[in-house]
Q: 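What follows is a structure written as structure tokens; I'll ask about it next.
Nothing here was measured: the structure is a model prediction, and the numbers come from that model.
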Amino acid sequence: MATPKYKTSKSRAASRKAANMKLSMPNLSECQTCGNLIPSHHVCPKCGYYAGKPVVVKDEE
């Protein structure tokens, strides 16, 4: 089995780890009732519905 000839420096190891760290856009889906874009599996903050059923009662202004 191959073994490393030299010790991997801290900066080389850190840069290899940092190359894979990235931000990704959240998966947004459309609310079934109002059409607002919301994260998947979350209650809509605009209308208070989740999966087509009212969960949070919103006071209309």
Side-chain angles (χ1 to χ4, degrees):
M1 192 161 121
T3 57
K5 195 169 232 180
Y6 302 104
K7 179 181 178 179
T8 306
S9 69
K10 293 175 187 173
S11 64
R12 185 176 288 259
S15 68
R16 187 171 53 243
K17 289 176 185 175
N20 294 315
M21 286 194 290
K22 53 189 167 281
L23 295 175
S24 61
M25 291 293 292
N27 293 330
L28 298 177
S29 59
E30 198 171 296
C31 179
Q32 295 176 352
T33 55
C34 67
N36 189 29
L37 289 177
I38 55 171
S40 299
H41 307 287
H42 282 74
V43 176
C44 179
K46 190 174 179 184
C47 64
Y49 276 65
Y50 177 76
K53 298 173 187 168
V55 178
V56 179
V57 178
K58 301 289 278 186
D59 294 330
E60 294 190 21
E61 297 176 11

Q: Are Val56 and Tyr49 connected in a single hydrophobic cluster, I mean Ile/Leu/Val/Met/Phe/Trp/Tyr linked by side-chain heavy atoms less than 4.5 Å apart?
A: no
Q: What distance do Glu30 atom CD and Leu37 atom CG have between them, rounded to the nearest 0.5 Å?
A: 6.5 Å
Q: Closest heavy-atom contact between Pro39 and Leu28?
A: N-CD2, 3.8 Å
Q: Roughly how far, to the nearest 0.5 Å, is SG of Cys31 from CD1 of Ile38?
A: 5.0 Å
Q: Kindly give the heavy-atom pair with the smallest separation between Lys46 and Cys34, and that separation in Å.
A: CD-SG, 4.2 Å
Q: Starting at CZ of Arg12, measure out to NZ of Lys7 and round the result to the nearest 0.5 Å.
A: 14.0 Å
